[in-house]
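What you see below is based on every heavy atom in this structure, not just the backbone, and it leaves out hydrogens, waters and symmetry mates. Along the sequence shown, residues carry numbers from 1.
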Amino acid sequence: MKTKKKFIVSSLKEIWIDGLKNIFISDPYVFHVLERENRIKTFDVIDVAEYLRKTKDDLLSDSDFIDEKYLIYSKIIFKKLNKIHNKDYEMFFWKKSLSMGFIRNITAFYNAFKIFEEYFNPELFDCNILSKSSYFIPNDFEDHRSYFQNSDIGQEQLFSIYINLFYPDRFNQIDLKNRFKSEKKINWNQKLRKKRWFYSLKSLFYKLRFGIHKKNISIGVLGAYFSKNNLSRLIDRSNRKIAPLISPNYIFKSKLNLNSTYRDILSENEDNFDKFDEFFFSALKYSFPKAFLEDYINIETTFNNSLNQFKALKYIVSENWISNTQNSIYLSLAKRKSIKHISNEHNCFFHPYAGSYIKHIVDMSDFYLTLGWESDSNPKIIRSGSLFPFSTTKSNKINHNILFVAGALAAKATHHTGAYGYSEEKALGTVEFNISFFNSLSKSTLKEITYRGYPTKKISHLQLFYKEFYYQNILKYFNIDSNSDSAKKQMSESNLVIVDYISTAHLESILMDIPTIFFWDRDSYYLNQEFKDFFKPLIEAGICQTNSVDAAALIEKIKDNPKDWWSSPKVQKGKHTFIKTNLGEPSDMINYLVNLTN
């Protein structure tokens, strides 16, 4: 009888079958971890699955699938949640409360399901799975994302749910007892913010420092990353009618028992379910956040009591709601009190990329204030500016001739959007681009580079490809930065800045008027049709580089005096055109908000 291969979905050795020699790895990221940790040599035969998404069409197909399921599931979920909590809320209330977290939920589970369906065959593979007593149920969608998209045991739980549903009683179960929960770390600052008295003190501080009274606030700022200076300008210009909203941080009841009745209702199948629907709703029983089931009524009561204190509140400005379950619920409850939500764009762009990410955010908002770009696609979209501190004081001291700012490479893409060109199936494309770039530079130029790796401690909850693992033969030429200073500070101390990813760093460098070059791999960061020429002015200027060899040639040409290149009419024209088209002034947003108070 032929020995079956062992099916591996994570690098969690505790759940592997003893004595593994012949394995099939379902996720290329797992192979990266084993290779990085020098664990490959323990196996005789290793097969690694290929990513199932490879092209822009693949990404759009998956994006469309998620959108279709999101619409169907929203219609089902809102009725079930109303039934569970004896409510009669409209579907929009629950969609807004579940926010982008629910879309990430569908995305994560579909990604896993698609891999299992494509590669797992019980006749060919053997495996161990988690016991149900080992399952972890998150408090909110932030826990959910960390666990199901960014932990080994989260991947094991999804696989175990899949096996138990479609191949029950065929594989050995392992008990690992809440491992994720014991590993989760909360720093002292987070602990402090969970104390009830913290919010009373913070509210008192704003009253004494700015003369702010809850009853007079007409526009509350909740989870918006405004600079202190811009926030003070808002408060002063509005005569304290615009102010930070001190909302409570609900503390989950750790001793609150899971409600099996609620979870059974939620996971019930519908007559027309397909195979993925069955998997998804079966998984909800063991994964749906407690914030919407066991803890929901307590959360609603806490937040309604808070909202009732703001007698004049008409608007709430919030940007972090897209990744903050409690703020999403707070905004939904505010909406029921006729308080409108102004969603201000985060400090990077998503709108030019393929996929429907930005559409969902706009649909869930009353108004969407952009960083400065315009679109006729939705009347909710309003050209504005940003109050984010993109710039810092420019240093007169130069510590770095060439600063290379490296981005992180995520193992999983949380949404199917071209904006995540540094994630999952596209992650190693960045590595290939960079290696080609480095190999095209002279050794003397490599020695002039200060390499700033991404400060991964800030995103320790994410699983990452270590790009530096692939640069081992190149790193010896660089000055390796310790990340003791902020990227903005280091950019301000540099003659030339190179950024290898597209998010916030290249905008900060450009807006500080520092000679800047950033990379755009067209085969990773897919643009949509409306904004297909988004980077055109920067490409024509040479600021945006799409070819690694050409980028290296430009660096060699300008490195001795990058200011001459940067100040040339061609470069300045491209830079100013891009900024004028896409980035407004802080005063644009301040004026818009202040006018709403009049």
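Remark: Ser11 engages Val30, Val33, Leu34, Arg39, Asp152 in a side-chain contact (heavy atoms from CB on, under 4.5 Å) (not counting sequence neighbours). With sequence neighbours left out, the ring pair (Phe, Tyr, Trp, His ring centres under 6.0 Å) criterion links Tyr225 to His346. Among residues two or more places apart in sequence or in another chain, the side chain to side chain donor-acceptor pair (under 3.5 Å) test is passed with Glu117 by Tyr162, Lys275. With sequence neighbours excluded, the residues forming a side chain to side chain donor-acceptor pair (under 3.5 Å) with Asn164 are Tyr135, listed by chain and number. In this view, Lys69 and Asp274, Asp277 satisfy the side chain to side chain donor-acceptor pair (under 3.5 Å) rule, not counting sequence neighbours. Taking the ring pair (Phe, Tyr, Trp, His ring centres under 6.0 Å) definition, one finds that Phe438 meets it with Phe404, Tyr471, Phe478, sequence neighbours left out.
A ring-centre distance under 6.0 Å is found for Phe109 and His144. Aromatic ring centres of Phe252 and Tyr250 lie closer together than 6.0 Å. The six-membered or imidazole ring of Phe281 lies near that of Phe273, with a centre-to-centre distance under 6.0 Å. Residues Tyr167 and Phe120 place their aromatic rings such that the two centres sit under 6.0 Å apart. For His506 and Tyr501, the distance between ring centers is not under 6.0 angstrom. Taking the six-membered ring for Trp and the full ring otherwise, Phe292 and Phe141 have centroids separated by under 6.0 Å. Between Phe518 and Phe535, the distance from one ring center to the other falls under 6.0 angstrom.
At a cut-off of 3.5 Å, with distance as the only test, a side-chain donor of Asp67 or Ser356 sits close to an acceptor on the other residue. Donor-acceptor pairing under 3.5 Å is lacking for the side chains of Asn22 and Asp44. Side-chain contact, Asp58 with Thr55: a donor N or O sits under 3.5 Å from an acceptor N or O. Inspection of the Tyr296 and Glu300 side chains reveals an N or O donor paired with an N or O acceptor under 3.5 Å. In this structure, a donor-acceptor pair under 3.5 Å is absent between the side chains of Thr325 and Ser328. Using modelled atom types and a 3.5 Å distance limit, the side chains of Ser99 and Trp321 yield no donor-acceptor pair. Between the side chains of Tyr451 and Glu468, at least one donor N or O sits under 3.5 Å from an acceptor N or O. Between the side chains of His351 and Asn528, no donor N or O sits under 3.5 Å from an acceptor N or O. Side-chain atoms of Lys412 and Tyr420 include no donor-acceptor pair closer than 3.5 Å. Checking Tyr470 against His32 by side-chain atom types alone, a donor-acceptor pair falls below 3.5 Å. Defined by atom type and a distance below 3.5 Å, a donor-acceptor pair is present between the side-chain atoms of Glu156 and Ser10. For the 3.5 Å distance criterion, the side chains of Gln490 and Arg452 qualify, holding a donor opposite an acceptor. The closest side-chain donor-acceptor pair between Arg53 and Asn111 falls under 3.5 angstrom.
Nearest approach of Gly407 to Asp500, heavy atoms of both residues: N-OD1, 2.8 Å. Residues Asp140 and Pro289 come closest through the heavy atom pair CA-CB, 3.7 Å. Of all heavy-atom pairs spanning Gly429 and Asp521, the tightest one is O-OD2, 4.1 Å. Ile299 and Ala291 make their closest contact through CD1-O, 3.7 Å (heavy atoms, listed as atom of the first residue, atom of the second, distance).
Cation-pi geometry between Lys80 and Trp94 is not met: the NZ or CZ atom fails to fall both under 6.0 Å from the ring centre and inside 45° of the normal. Taking the ring axis of Tyr466 as reference, the NZ or CZ atom of Arg36 stays within 45° of it and closer than 6.0 Å to the ring centre.
A distance of 9.0 Å separates CZ in Phe31 from CD1 in Ile23, rounded to the nearest 0.5 Å. Here the straight-line distance linking atom CD of Gln173 with atom CD1 of Ile163 works out to 11.0 Å at 0.5 Å rounding. For the atom pair Ile161 CD1 and Leu165 CG, the distance stands at 9.5 Å (nearest 0.5 Å). Atoms CG and CG, from Asn434 and Asn439 in turn, are 10.5 Å apart once rounded to the nearest 0.5 Å.
Judged by distance alone, the side chain of Glu35 and the main-chain N or O of Ile40 form no donor-acceptor pair under 3.5 Å. A donor-acceptor pair under 3.5 Å is absent between the side-chain atoms of Arg145 and the main chain of Asn105, judged by distance alone. The closest donor-acceptor contact from the side chain of Ser63 to the backbone of Gly355 lies at 3.5 Å or more, if one exists at all. A distance-only check finds no donor-acceptor pair linking the side chain of Ser436 to the backbone of Glu432 [under 3.5 Å]. The main-chain N or O of Ile265 is never found under 3.5 Å from a side-chain atom of Lys285 such that the two would form a donor-acceptor pair. When atom types are taken as modelled, the side chain of Lys54 and the backbone of Tyr51 share a donor-acceptor pair closer than 3.5 angstrom. When atom types are taken as modelled, the side chain of Lys6 and the backbone of Gly19 share no donor-acceptor pair closer than 3.5 angstrom. Proximity of a side-chain donor or acceptor of Ser160 to a complementary backbone N or O of Leu130 within less than 3.5 Å is detected. Panel note: side chain Lys56, backbone Tyr526; no donor-acceptor pair is recorded below 3.5 Å. Judged by distance alone, the side chain of Ser74 and the main-chain N or O of Tyr70 form a donor-acceptor pair under 3.5 Å.
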Q) Does the pair Asn327 and Ser318 meet the rule for a side chain to side chain donor-acceptor pair (under 3.5 Å), with working shown? A) CA-CA 8 Å; Asn327 281 358; Ser318 178; 4.6 Å; no
Q. Yes or no on salt bridge (charged side-chain N to carboxylate O under 4.0 Å, His left out) for Asp523 and Lys426, after CA distance, side-chain angles and deciding distance?
A. CA-CA 8 Å; Asp523 293 326; Lys426 297 303 179 182; over 6 Å; no
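Ring orientation note: the planes of Phe276 and Tyr110 are nearly perpendicular, at an angle over 60° on the 30°/60° scale.
Between Asp295 and Lys253, no side-chain nitrogen of the basic residue sits less than 4.0 Å from a carboxylate oxygen of the acidic one, so the salt-bridge criterion is not met. Ion pairing between Glu270 and Lys75 fails under the 4.0 Å rule for side-chain N and carboxylate O.
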